[in-house]
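Computed over heavy atoms, backbone and side chain alike; hydrogens, waters and symmetry mates excluded. Here is the naming used below: chain letters follow the sequence lines, and residue numbers restart at 1 for every chain.
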Amino acid sequence: MNQVGAALHPQYRSLLTKLQLVTYSKNISSGRSFHGHLLKTGVIPSCVFLCNVLLNFYSKCCFFSDASLFFTDFPCNEDAVPWNVLINAHSQMGLAHHSLSALQLFQQMLHNCTLPNSHTFTGVLSACANLEDHLMARQAHSLVIKFVTATDVFVYTSVLRAYCKLGSLVDGRKVFDEMLDRNSVTWSTMISGYASQGLVNEAFGIFRVLVAGGNEGVNEFVLTGALSAFKSHEFLETGKQIHCLAVKNGLLEIGSVANAVVTMYAKCGNLDDSVQVFEFSNDKNSISWSAMITAYAQSGHGDKSLVLFKEMHYCGMKPNEYTVVGILNACSDIDATNVGMQVHGYLIKSGFESQVYIVTALVDMYAKCGRIIDAQKGFDSLLQPDLVMWTSMIGGFVQNGDNESAISLYCRMQREGIAPNELTLASVLKACSGLSALEQGKQIHAHVVKNGFSLEVPLGSALSTMYAKCGNLDDVNAIFRRMPARDVVSWNAMISGLSQNGLGLEALKLFEEMQLQGVNPDCVTFVNVLTACSHMGLVDKGREYFKSISKNFNIDPTTEHYACMVDILGRAGKLQEAKEFIESAPIDHGLSLWHILLSACRNHRNFELGAYAGERLMELCSLESSGYVLLSSIYSALGRLDDIERVRRMMNIRGVSKEPGCSWIELKNQVHVFVVGDLLHPEIKQARAEIWRLSKLMKDAGHLLEFDSTSEE
DNA sequence: TTAGGGTTAG
């Protein structure tokens, strides 16, 4: 007999309650023995209702093979309920292969001529979202219109959620606007959808409409969704308003809201308020601790993250994978490789180690702590690294100065068919800048244009810096002017690019323009500005800028700024003034300052002062060979052979060895590297012949060629 | 009285 839609006979009510209990407690052994009892008494298969409940029990306990075995002999599969039970249980697992099973079951259901209903579509849409299957989501949406009443808020919220998860916010908004009925889940889905795509104004706009309609729609889900949108300082005031609203409605008492407020303040640069909300929260769970640990790590207080982690342990709170990622971020922040390695050991023991985002955090930690080989081991351990992992590894190589490996990994990523995002491209562009690999950089630029990437800060800045470092100034300007918004880093990159290419005056003009546009200069800006003055020989201007750092901008000049000033004076031949400047500097004299003066003295042939600077440098126990080499050449010019010998002895005692010089050039998409004394390069003979030819031409033109007395070449 | 939609930590 067909029992589709059958109600439960009152005599089975107690059996239903018992089955629901074992499902809730996921007590598999009790459930199995109960299954046996129902079979013995003949309740199964005769009561279809209880068969559905039993199927739900196996599915909810993730015993999918038992569930499908049971389903094979099902008494009535024209009923949608058992199909829905299986489809929903699979899609709720969130994993790709389960979502695929959910969609296959749906196909079989249609093939079996069982009519889907609203419960079917919630599961199907969720599976489409998990699989990022746009086409299937659209098809499911069409079927929803055909099979489900337009007022069904559950199903239409699922359609909305699927579009949001797939990043199709325009489609999502259309569904939202056309819905005949909405509840708080619909609103929070729309708000979180916008927030997850970084569409802050849209998310906040929807939130405001909801609030304007009265406070009854405002719950913890709506608040957390809205709060998650605010990730930079410009939204701090709005974030504060939502915090106040949460307090007013008594919702800050709810742990998830407090957690979202903690993260919001940290991301908007107000760490003190994060700490306060965290400390006053009475509903702390492991998410709260992880949020605060991560907040510290990402605000540059890795040391405090580690302290809090210990406190968490003393409070008996167990860390989860998010806590671990936060701690690894903290280790990267404070260069605490040892703690990072201990966390790695803990991960191996606890079995967290194989999850992609954990490995990504590990690789990132090792790379940022300069252990690139360990980072690479982590990367190689993954069979299927995701985009974030590829990007992290490429960025790791760049941070460690191995630009060749960064570019070659990017090529491998492309061969494996993984599409890069803005951050990947920004990292590869940095590698191109480091290698002055203009052709490769241009290819990336073409990719940016072809794929419609926006020139937001990371990508726009990386692109203009690449063109600047490769000396292609027209392109730098074009990119820079086209960027929708520029932060201080973008301006710095541009000023540095101009100054490095001999356009110091343009660099200084840009510095003035930057201030007119209301962007405050930072330490790096002044390094670039002073470098521009140095290259242009603008001594007075340099002095003026140097004074203004502390006077007008309230920044304490760093050793780098002092070094720039010594360079300005040194290049201009004002060597005595440079010496007095170093000796009166209210900072640790630092090796770099004497080194710069030493080099300037040699260039200006002031050997006496050069010897003085060189001796100061030796007193500071420099381990860099170039200072010793320069001092030797000065003593050689002064004919002080004993001093040359003394410098050589000092080098030996201190274990300083001269690093071979190295240069490279990119020709026809290949970077050629030349090292001093290199006899292995296939074209070394031709290269040397060319150097001699050019040297002779220079000599004939009256240039005096100077060779380093200690050089082997 | 069997099956369904949302949030915070990377």
Side-chain angles (χ1 to χ4, degrees), chain A residues 5-10 12-13 15-17 19-20 23 47-57 59-60 79-89 91-92 116-126 129 148 152-162 164-165 182-193 195-196 219-228 251 254-264 266 281 283 285-295 297-298 319-329 355-361 364 386 388 392:
Chain A
L8 183 70
H9 194 277
Y12 293 136
R13 282 224 180 115
L15 296 178
L16 170 67
T17 314
L19 255 179
Q20 283 174 324
T23 307
C47 176
V48 172
F49 197 105
L50 284 181
C51 285
N52 287 334
V53 181
L54 193 64
L55 184 70
N56 187 47
F57 159 74
S59 307
K60 285 279 149 65
D79 185 0
V81 174
W83 292 97
N84 294 346
V85 165
L86 285 174
I87 289 171
N88 281 299
S91 70
Q92 277 165 10
N117 63 19
S118 60
H119 291 269
T120 324
F121 288 109
T122 49
V124 167
L125 284 159
S126 162
V148 184
D152 193 316
V153 64
F154 268 84
V155 173
Y156 278 93
T157 302
S158 295
V159 176
L160 166 64
R161 182 176 169 266
C164 289
K165 273 200 94 178
R182 301 185 192 117
N183 62 16
S184 67
V185 180
T186 321
W187 287 88
S188 65
T189 306
M190 190 73 251
I191 293 168
S192 309
S196 67
N219 63 13
E220 69 266 40
F221 295 107
V222 169
L223 284 180
T224 44
L227 284 163
S228 71
L251 291 166
I254 299 174
S256 61
V257 176
N259 297 345
V261 173
V262 166
T263 303
M264 180 276 294
S281 172
D283 188 16
N285 57 13
S286 64
I287 297 179
S288 323
W289 290 88
S290 309
M292 196 63 237
I293 286 170
T294 307
Q298 291 184 345
N320 62 22
E321 58 266 50
Y322 286 93
T323 328
V324 167
V325 171
I327 284 298
L328 288 172
N329 282 342
Q355 308 204 32
V356 177
Y357 56 86
I358 299 261
V359 181
T360 306
D364 204 53
D386 65 1
V388 180
S392 235

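In this model, a side-chain donor or acceptor of A:S118 finds a partner on the base of B:dG4 within 3.5 Å. No hydrogens or angles were tested; on distance alone, nothing pairs the side chain of A:T189 with the base of B:dG6 as donor and acceptor under 3.5 Å. Put simply, the side chain of A:T224 and the base of B:dG6 share no donor and acceptor less than 3.5 Å apart.
Here the C1' atom of nucleotide B:dT7 and the CE atom of A:M264 are 15 Å apart, to the nearest Å. The CG-P distance, from A:L55 to B:dA3, rounds to 11 Å in whole Å. As rounded to whole Å, 17 Å separates atom C1' of B:dG5 from atom CH2 of A:W187. Between the CD1 atom of A:I191 and the P atom of B:dT8 there is a distance of 12 Å, given to the nearest Å. In this structure, CG of A:N88 is placed 11 Å from P of B:dG6, rounded to the nearest angstrom. Rounding to whole angstrom units, CD of residue A:E321 and P of B:dT8 are separated by 15 Å.
For B:dG5, the OP1/OP2 oxygens have no side-chain nitrogen or oxygen of A:R161 closer than 4.0 Å. Using a 4.0 Å cut-off, some side-chain N or O of A:N56 falls inside it from OP1 or OP2 of B:dA3.
Heavy atoms of A:V53 sit under 4.0 angstrom from primed sugar atoms or phosphate atoms, though from no base atom. Counting any heavy atom pair closer than 4.0 Å across all strands shown, A:V324 reaches no nucleic acid atom. Nucleic acid contact for A:N329: sugar-phosphate only, since backbone atoms but no base atoms lie under 4.0 Å from a heavy atom of the residue. Among the heavy atoms of the strands lying under 4.0 Å from A:D152 is at least one base atom, whether or not backbone atoms are also near. A:V153 comes within 4.0 angstrom of a base, heavy atoms only. Backbone-only contact: A:K60 has heavy atoms under 4.0 Å from sugar-phosphate atoms and none from a base. Among the atoms of the strands shown, only primed sugar atoms or phosphate atoms (P, OP1, OP2) are found under 4.0 Å from some heavy atom of A:V325.
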Note to self: For A:M190 and A:L160: C-alpha separation, side-chain torsions, deciding distance, then whether side chain to side chain contact (heavy atoms under 4.5 Å, CB included) applies.
What the structure shows: CA-CA 7 Å; A:M190 190 73 251; A:L160 166 64; 3.6 Å; yes

Item checked: Worked verdict on A:V257 versus A:I254 for side chain to side chain contact (heavy atoms under 4.5 Å, CB included) -> CA-CA 6 Å; A:V257 176; A:I254 299 174; 4.2 Å; yes

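Taking A:V81 as the reference, A:N52, A:D79, A:V85 meet the side-chain contact (heavy atoms from CB on, under 4.5 Å) condition, with sequence neighbours excluded. Residues passing the side-chain contact (heavy atoms from CB on, under 4.5 Å) test with A:N219 are A:S184, A:F221, A:V222, sequence neighbours excluded.
Lacking a ring centre under 5.5 Å from that of the base six-membered ring together with a plane angle below 30°, A:F49 does not count as stacked on B:dT1.
The two residues A:S196 and A:G193 come nearest to each other via the heavy atoms OG-O, 2.8 Å.
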